[in-house]
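For reference, the structure is listed below as structure tokens.
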Amino acid sequence: MNLTGFLVYLKHHVPFIWNMVERVNGFLFRMLYRKRFLQAGDTVISGAVLPGYVVRRLDKNDLPELEQLLNRQSGKRMAFFKPHGFDMQSLKKVYANPAFLMMGVFSGNRMAGYFFLRCFWNRKCFTGRLVDEQHEGMGIGRAMKNILYPIAWQMGFRCYSTISKNNHLVIRSHAGNASMRKVKDLGGDYMLVEFIKADTR
């Protein structure tokens, strides 16, 4: 099992050890990459075009709106989206993690989408994204993808995601994604995928 696979295993099966890994990783990431990662993120986000919406990094004052977004989705929709807890205490913990870049899409004061990069000191990161049910079909998911991957690539990080083979919505959304390649199968019907620049394939 390589390091990436081992980290995925810890996250899903040994949460106590995973929490310790996150603390150490957060310290290392802050020292090595945090400042430049935020700068890269702001640069890529500033070039995003999504008519009718505002895309930006989240700040602490956005956490109540994020909590509402996460908790107003249907249970079926959230069955495969479990990157962290959805209660305020968990969101504050994630926000305080220097290796976690949290971003949002806003329609007025209401959050219409949430996406993030969970980064590791070994120059790898994992993506996650969620579009509010009421804002589907507006190009938000595509805009998120066009922000997440370039931030990682600009920093020289490899960009991954874990996807359930039973998550048909996400499988369909990636059907035409030329950047995605399957790395390997994981336990519990999950697979590890990587997003790669077309010119590096």
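Quantities reported herein were computed from a predicted structural model and do not represent experimental measurements.
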Drop me the distance from [X]'s [atom1] to [Y]'s [atom2], to the nearest 0.5 angstrom.
X: N122; Y: F29; atom1: CG; atom2: CZ; value: 11.0 Å
X: T127; Y: L101; atom1: OG1; atom2: CG; value: 12.0 Å
X: D59; Y: L63; atom1: CG; atom2: CG; value: 8.0 Å
X: C159; Y: I151; atom1: SG; atom2: CD1; value: 9.5 Å
X: L130; Y: F81; atom1: CG; atom2: CZ; value: 5.0 Å
X: R30; Y: C119; atom1: CZ; atom2: SG; value: 13.0 Å

(request) Can you tell me which residue pairs pass the ring-ring contact (aromatic ring centres under 6.0 Å, His included) test with a partner in residues 44-74, sequence neighbours excluded? (result) Y53-H135

With a 4.5 Å cut-off on side-chain heavy-atom distances among I, L, V, M, F, W and Y, is there a chain of contacts connecting [X] to [Y]?
X: Y114; Y: V105; result: no
X: L38; Y: I147; result: yes
X: V94; Y: Y33; result: no

Side chains of [X] and [Y]: closer than 4.5 Å at any heavy-atom pair?
X: L28; Y: V24; value: yes
X: R34; Y: P98; value: yes
X: I196; Y: R158; value: no
X: L58; Y: M111; value: yes
X: F106; Y: D62; value: yes
X: L70; Y: H84; value: yes

(request) Please determine, by modelled atom types, if N109 and E65 share a side-chain donor-acceptor pair under 3.5 angstrom. (result) no

Nearest non-hydrogen partners of [X] and [Y], listed with the distance:
X: V131; Y: G141; value: CG2-N, 3.9 Å
X: G85; Y: L91; value: O-CD2, 3.6 Å
X: K82; Y: A79; value: CE-O, 3.1 Å
X: L69; Y: G113; value: CD2-C, 4.0 Å
X: L50; Y: G139; value: CD1-O, 3.8 Å

Examine distances only and state if a side-chain atom of [X] and a backbone atom of [Y] form a donor-acceptor pair shorter than 3.5 Å.
X: N25; Y: W121; answer: yes
X: Y190; Y: I163; answer: no
X: R118; Y: P83; answer: yes
X: N146; Y: R142; answer: yes
X: N71; Y: E67; answer: yes
X: S90; Y: F86; answer: no
X: R123; Y: M155; answer: yes

State whether [X] and [Y] are salt-bridged, where the test is any N-O pair (Lys NZ or Arg NE/NH1/NH2 against Asp/Glu carboxylate O) under 4.0 Å.
X: R110; Y: D132; answer: no
X: R77; Y: E136; answer: yes
X: K184; Y: E194; answer: no

(message) Between Y160 and V193, is the side chain to side chain contact (heavy atoms under 4.5 Å, CB included) condition met? List the steps.
(response) CA-CA 6 Å; Y160 296 93; V193 302; over 6 Å; no

(request) Tell me, with the steps shown, if S179 and W153 meet side chain to side chain contact (heavy atoms under 4.5 Å, CB included). (result) CA-CA 12 Å; S179 298; W153 296 336; 3.8 Å; yes

(message) Taking CE in M78 as the centre, count heavy atoms belonging to other residues, nucleotides or ligands within less than 6.0 Å. Is the count above 12?
(response) yes

(request) Taking atom NZ of K92 as the centre, report whether more than 12 heavy atoms of other residues, nucleotides or ligands fall under 6.0 Å from it. (result) no

(message) Which residue is it: F195, Y149, F37, F120? I am looking for the one with a ring pair (Phe, Tyr, Trp, His ring centres under 6.0 Å) to F157.
(response) F37

(message) Among F126, F116, F115, which residue satisfies the ring pair (Phe, Tyr, Trp, His ring centres under 6.0 Å) criterion with F100?
(response) F116

(request) Could you walk me through whether L66 and M102 pass the side chain to side chain contact (heavy atoms under 4.5 Å, CB included) test, one step at a time? (result) CA-CA 10 Å; L66 174 58; M102 305 170 77; 3.6 Å; yes

(request) Just jot down the salt bridge (Lys or Arg N to Asp or Glu O under 4.0 Å) partners of R57, sequence neighbours excluded, or say none. (result) D42

(request) Evaluate the criterion side chain to side chain contact (heavy atoms under 4.5 Å, CB included) for residue pair T162 and M191; output intermediate values, then yes/no. (result) CA-CA 6 Å; T162 56; M191 60 181 175; over 6 Å; no

